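Report on the structure given below.
Please read all numbers here as calculations on a predicted model, not as lab measurements. Lettering follows sequence order; numbering is per chain, from 1. No hydrogens, no waters, no symmetry mates; every other heavy atom, side chains included, goes into these values.
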2 protein chains.
Amino acid sequence: MARRSQTEMAVLGALSMQPMTAYALREAIRDVLGHFWSESFGQIYPTLQALEQQGHVERREGPRAGSSTFVITASGTAHLHELLSEPITTTPSRNGLLLRLFFGRTLGSDRCRELILQARADAERSLADYEELRRTVAVEDAGSPDLPYIMTTISAGRHSAQALIAWTEEALTLLDGAT
Amino acid sequence: MARRSQTEMAVLGALSMQPMTAYALREAIRDVLGHFWSESFGQIYPTLQALEQQGHVERREGPRAGSSTFVITASGTAHLHELLSEPITTTPSRNGLLLRLFFGRTLGSDRCRELILQARADAERSLADYEELRRTVAVEDAGSPDLPYIMTTISAGRHSAQALIAWTEEALTLLDGAT
DNA sequence: CCCTCCTTATATCTGGCAGATATTTCTAAT
DNA sequence: ATTAGAAATATCTGCCAGATATAAGGAGGG
């Protein structure tokens with residue numbers, strides 16, 4: 001199976017909410033989907049060109065000279081539905097923290113404990129962010145048919161952050177006797 | 001900051017346990033670090049060549065004709081320590097499941113529920129794997145100074161799988177009224 | 001009114017990296 | 001002896017992130 005560009009899915013998804021410039025697209029993906037997705041300019045520009053050639057998006061006059069706003073077409077909406085229906089491609093995880101802990105004896109137990117404490121602090125901040133995001137979205141998107149779907153993604157972030165915090169406690173206990 | 005090859009870290013780490021061929025290296029990384037790391041041949045071969053040129057590994061007669069076993073050198077061990085000490089580079093997460101749920105109204109609520117159920121089944125299998133792995137490692141590596149470090153990585157997998165299962169319940173509830 | 005800084009905006013290049021694939025050698029079973 | 005499969009080495013394509021170059025418009029201060 002030819003590897004599909006995952007970028008197309010995110011780009012078309014974002015454009016399905018409203019027309020945008022490439023720049024705004026990246027902002028939107030970072031700000032709205034940022035908890036579970038990311039795209040770089042290096043991918044967005046060529047992807048928009050490809051989508052334009054396929055007729056899935058149309059280029060309109062942008063907010064300033066030489067600037068373009070992209071609009072999703074009917075065929076683009078259909079293509080988005082197709083892409084969303086494709087089986088999920090799981091990218092192999094690379095967890096730098098766990099790799100360091102696995103070779104923790106080489107790194108040293110003090111360093112390991114520092115890394116875990118850092119991870120806990122990060123997770124606590126992230127958990128607070130998710131709690132606030134939930135409140136904000138509940139108010140701003142109240143009544144929207146998209147609300148329950150958006151809430152599932154925020155819930156995933158919350159559960160993940162909570163699990164991380166719980167894990168750091170157990171990990172510190174496990175390393176208690178380690179040299 | 002020049003992007004460092006993360007592959008070097010995993011390769012040197014694996015070779016620090018025992019000398020191996022490139023093929024065995026990939027097997028070891030998949031089987032032992034597989035829960036939080038992965039490497040492909042496309043990266044392992046050029047990385048071994050680079051490490052050899054830098055003197056961090058040495059090539060020895062392999063188990064058959066034209067085959068090479070790689071041994072980590074003293075400078076390689078030092079280099080591994082350096083790499084482990086570097087700040088963790090976080091690769092941006094791309095969660096295909098959450099992306100589909102976010103645009104769940106386009107995909108359809110039935111499809112979304114299927115995806116969530118699939119995720120729960122996967123997580124339950126994964127949780128069972130972690131439980132078994134914990135028992136196996138506790139016996140096989142009993143008394144090893146590496147044991148507590150390895151246990152932290154298994155614990156991370158368990159917590160993550162448990163969180164995923166808990167999330168699926170909440171997600172299904174959230175989608176209860178969704179069309 | 002001009003200078004400067006920040007934001008918006010477009011675009012390209014390098015290199016990390018995964019996955020597929022081609023090829024050869026060894027081993028085990030039939 | 002033949003064949004199937006595993007072990008082993010290697011390369012290529014294409015996705016992708018991050019850095020970087022460039023420039024236009026707006027805001028603010030002097």
In this structure, how many angstroms lie between the [atom2] atom of [N] and the [atom1] atom of [X], rounded?
{"X": "A:Phe70", "N": "C:dA11", "atom1": "CZ", "atom2": "C1'", "value": "12 Å"}
{"X": "A:Arg30", "N": "C:dA9", "atom1": "CZ", "atom2": "C1'", "value": "14 Å"}
{"X": "B:Leu25", "N": "D:dA7", "atom1": "CG", "atom2": "P", "value": "15 Å"}
{"X": "A:Glu39", "N": "D:dA19", "atom1": "CD", "atom2": "P", "value": "16 Å"}
{"X": "A:Ile29", "N": "D:dA17", "atom1": "CD1", "atom2": "P", "value": "10 Å"}
{"X": "B:Glu8", "N": "C:dG16", "atom1": "CD", "atom2": "P", "value": "9 Å"}
{"X": "A:Met9", "N": "D:dC16", "atom1": "CE", "atom2": "C1'", "value": "14 Å"}
{"X": "A:Glu52", "N": "C:dA11", "atom1": "CD", "atom2": "C1'", "value": "15 Å"}

Quiz item: Salt-bridged, B:Arg134 to B:Glu132, with N to O below 4.0 Å?
Solution: no

Quiz prompt | Salt bridge present between A:Arg94 and B:Glu39 (N-O < 4.0 angstrom) | solution = yes

Quiz item: Quick one: does NZ or CZ of B:Arg26 land under 6.0 Å from the six-membered ring centre of B:Phe41, within 45 degrees of the ring axis?
Solution: yes

Quiz item: When you measure from the centre of the six-membered ring of B:Phe70, is the NZ or CZ of B:Arg59 under 6.0 Å away and within 45° of the axis?
Solution: no

Under 4.0 Å: is that the gap between some side-chain N or O of [X] and OP1 or OP2 of [N]?
{"X": "B:Thr7", "N": "C:dG16", "value": "no"}
{"X": "B:Arg94", "N": "D:dC16", "value": "yes"}
{"X": "A:Ser5", "N": "D:dC16", "value": "yes"}
{"X": "A:Ser67", "N": "D:dA24", "value": "no"}
{"X": "A:Tyr23", "N": "C:dT8", "value": "yes"}
{"X": "B:Tyr45", "N": "D:dA10", "value": "no"}
{"X": "B:Thr91", "N": "D:dA17", "value": "no"}

Quiz item: Considering only side-chain heavy atoms of A:Ala22, which listed nucleotide, C:dT10, D:dT9, D:dA17, is closest?
Solution: C:dT10

Practice problem: Measure from the side chain of A:Gln43, starting at C-beta and using heavy atoms only, and say which of C:dA18, D:dC15, D:dG18 lies closest. | Solution: D:dC15

Quiz item: How do B:Thr90 and B:Phe41 order along DNA chain D: which one's closest nucleotide is nearer the 5' end?
Solution: B:Phe41

Quiz item: Given that B:Pro92 and B:Glu27 both sit by DNA chain D, which one's nearest nucleotide is further toward the 5' end?
Solution: B:Glu27

Exercise. Identify the two heavy atoms, one from A:Phe103 and one from B:Ala14, that lie closest to each other, and give their separation to 0.1 Å.
Key: CZ-N, 3.8 Å

